[in-house]
Structure formats: C-alpha cells, structure tokens
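When a residue number appears, it is its place in the shown sequence, counting from 1. For ligands, and for the atoms within them, numbers begin at 1 and follow the listed sequence.
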Amino acid sequence: MSTRLKGKPVADALSDAIRESVTNWQQKEIYPALTLIRAGEKPDDQAYERAIIKRCESVGIKVNSEVVPEDVDQFDFMSLLRRQNEDPAVHGILIFRPLPKHLKEEEIQYLISPEKDVDGFHPINAGKLMTGDPTAFAPCTPMAVMEILKHYEVPISGKRAVVLGRSMVVGKPVALLLLAENATVTIAHSRTRDLETVTSEADILVAAIGKSEFVTAAHIKSGAVVADVGINVTEDGTLTGDVESGGAEAKAEAFTPVPGGVGSVTTAVLAKQVLKACELQQLQ
Ligand code: NAP
C-alpha cells in the first residue's frame, strides 16, 4: 500500500513557523508585505490569487493586488513594476505568468528587483540557484516539491532522481534543488529516448510535463517516491496530475496526490519566500 504525501500537513507546518516569525517582525514594526501583479482576468490566475491572499493573511503577511487590463502596454506595466520595486514597504513581488503574449517577458524579468523576486523570475535568481547562493529565490513550485520531501523525511542524498520536464519554472529548478541535496539527477524531456527505462531508474521521480496521467506504472520503479507536479483539466472538467491514478501510484512507495499535493504547498512556500525577502532586506 503506497503512502499519499498530502500537501496540507506540510503547508500547515510551514504556516505555523512563518506566523511566528512574522509576529516577531511585527513587534519590531516591520510588516512583511507582498505585491501581486496580474494582467487580465484569467480564472486560473484569479484562483491562485485568492489562495495566496488567504494563505498570506492567515500568517500575517499583507497582500496588495495590482490588476491591469490584459491589453496593458509594455511601458505602463514596466512603470507599475518599477513603483513596486522602489516601494520600501513592499518586500516581495509576484507576477502572474504566463503574461499576455504582447508583453515582452524578456524585458520584464530583468526589471523585477532580484531581492523582491519571490517566485524566482529574474535570471539572477536562476544563476544564484545554480551557484548554491543561499540568497537565491527559486520558483515556488519546485520549492514546494522539496518541502514535501523534507517534511516526509524522504532520503535524497545519494538517490537517483529523474525529473520529467525541463521548464524554467519547474523542471530545471527542481533538478538543481535535488542536486544541491546530493541526489544523482537526470532531466528527461520530450526528446528523451526510451523514457520508460530512464524514469524506471528513479528512486525519486518528479513529473512536470503537463500531460494528463502520462506517467504509467511502466515508468516507475517499485518503491520509488513520485512527486506529481502536473495540473491538468480533462474534457469532463476533472483535475488530474501527470501520473496515472491507480496502477502507477500503487507501484510507488509514496506519491503526492493531485489535487491536494504539490499545488497545495505552493502558497505556503510563497509566504516563506516573502518572509525570507523581508529578512534579507533588513540586513541591507
Ligand atoms: P511546460 O513549460 O509546458 O514544460 C513541459 C515540459 O515537459 C517540457 O520540458 C517538455 O519537454 C516536457 N514534455 C512534454 N511532453 C513530454 C513527453 N511526452 N515526454 C517527456 N517530456 C515531455 O510546463 P511547466 O510549466 O513546467 O508545467 C508542467 C506541469 O506542471 C503542468 O501540468 C503545469 O500545470 C504544472 N504546474 C503546476 C504547478 C503547481 O503549483 N502544482 C505550478 C506550475 C506548473 P520539451 O522541453 O522537450 O518540450
């Protein structure tokens, strides 16, 4: 019988620790604060925004939502971001992505202050992550995977880890985070040959490809720990992961469910990163 690595106990434990630290800062009249920047009214972004506000408010972090029309021009968007960068009362900034297509992401990612970049968007943070700099901000989803493994005391050092997917927002950063914990890491992607053989070597398999129930029992070594990052909505409206429920999950020793796994830890990680940004800014 495989174990479900549920996200809620992880998020609750993180929240308790964050709340305590936030209270300590408040006693020194420092109020950790996050700005959210959203262009347009995408339901996914709005749902994520509500979850972020709920989590942050529950731990005492202030949230300011800046919403601009989907057709906002580049100059106005950059001006808004510049104001948040310069506001000393704002410690963290999260921009909902993907941005509308007409906005030049390659310019915006270089404008966000790296010290406030709590979702690891600026290339400086990607570089810091690669060099092992403790002031790095990694994107929240890969950090959520690591928090789950840590919470459930999954051994990482010396283990074979395979990451399925190589995006900048999940695959590559989670591979670097696993490497930093001394796993032997392989990154697989759409051009990987003989995928089942590669993934079947994994003691820890992270699935982040965005294909509903793509990972079957044939991809999984018996006894592996599987972190399912995928969030997919099927034609009938069901929310699924990248890992097949049933057979594939049963073959694993432990797996993160969808929903209720990685996704439910992301907002707590974001709150933790806002606190980290606030703390680092006090040292400057
Ligand atoms: P993405 O940018 O589309 O990247 C998908 C990756 O999967 C790419 O590297 C791609 O390879 C690889 N891939 C696609 N089809 C494949 C196949 N048949 N075999 C092997 N590799 C394949 O997606 P993403 O942004 O990383 O997101 C991945 C999933 O995580 C999505 O379901 C997304 O909704 C979910 N997600 C969840 C959270 C959360 O909070 N839980 C947050 C972010 C994303 P190539 O590079 O070769 O194209």
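Within the listing of ligand 1, atoms 25 (O) sit less than 4.0 angstrom from a heavy atom of V169. Heavy-atom proximity to F214, at under 4.0 Å, picks out these atoms of ligand 1: 17 (C), 18 (N), 19 (N). The ligand atoms of ligand 1 that sit less than 4.0 angstrom from a heavy atom of G263 are 40 (O), 41 (N). The contact set between ligand 1 and T266, taken as ligand atoms under 4.0 Å from a residue heavy atom, comprises 40 (O). For ligand 1, the atoms closer than 4.0 angstrom to any heavy atom of N232 are 32 (O). Interface of G165 with ligand 1, defined as ligand atoms under 4.0 Å from a residue heavy atom, comprises 6 (C), 7 (O), 9 (O). Less than 4.0 angstrom separates some heavy atom of G210 from each of these atoms of ligand 1: 28 (C), 29 (C), 31 (C), 32 (O).
Of the possible donor and acceptor atoms, none in the side chain of Q273 sits under 3.5 Å from a partner among the backbone N and O of V269.
The protein heavy-atom contact nearest to atom 35 (C) of ligand 1 is V229 O, 3.4 Å. The nearest protein atom to atom 8 (C) of ligand 1, hydrogens excluded, is given as R166 N, 3.9 Å; this is a heavy-atom distance. Given atom 42 (C) of ligand 1, the protein heavy atom at minimum distance is T141 OG1, 3.0 Å. Protein heavy atom in closest approach to atom 48 (O) of ligand 1: S190 OG, 3.6 Å. For atom 15 (N) of ligand 1, the closest non-hydrogen atom of the protein is K211 NZ, 3.1 Å. Here the heavy atom of the protein found nearest to atom 44 (C) of ligand 1 is V170 CG2, 3.9 Å.
At a 3.5 angstrom cut-off on N or O pairs, S167 counts as close to ligand 1. The shortest N or O to N or O distance between I231 and ligand 1 is under 3.5 Å.
Under the 3.5 Å distance criterion, with hydrogens and angles disregarded, no donor-acceptor pair is assigned to the side chains of Q46 and D44. A donor-acceptor contact under 3.5 angstrom links the side chains of S15 and R55, judged on distance only. For the residue pair D228 and T256, no side-chain donor N or O sits within less than 3.5 Å of a side-chain acceptor on the partner. Between the side chains of D133 and T135, at least one donor N or O lies within less than 3.5 Å of an accepting N or O.
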request  = Dump the intermediate steps for salt bridge (charged side-chain N to carboxylate O under 4.0 Å, His left out) on R83 and D87, then the final yes or no.
outcome  = CA-CA 6 Å; R83 284 198 299 281; D87 185 343; over 6 Å; no

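With a 6.0 Å cutoff to the six-membered ring centre and a 45° limit on the axis angle, R97 counts as a cation-pi contact of F121. Annotation: cation-pi geometry not satisfied between K128 and F137 (NZ/CZ under 6.0 angstrom from ring centroid, within 45° of ring axis).
Put simply, no part of T192 is less than 4.0 Å from ligand 1, judged by heavy atoms. Using a 4.0 Å cutoff on heavy atoms, A208 counts as a contact of ligand 1.
Counting only heavy atoms, the protein never gets under 4.0 Å from atom 3 (O) of ligand 1.
Pairing each heavy atom of V22 with each of G60, the nearest pair is CG1-O, 3.6 Å. Shown here for L111 and N85, the closest heavy-atom pair between the two residues is O-ND2, 2.8 Å.
Taking the centre of each ring, H219 and F214 come in below the 6.0 Å mark.
The parts of I209 lying near ligand 1 are both backbone and side chain, judged by heavy-atom distances below 4.0 Å.
Interatomic distance, I112 CD1 to R82 CZ, rounded to the nearest 0.5 Å: 13.0 Å.
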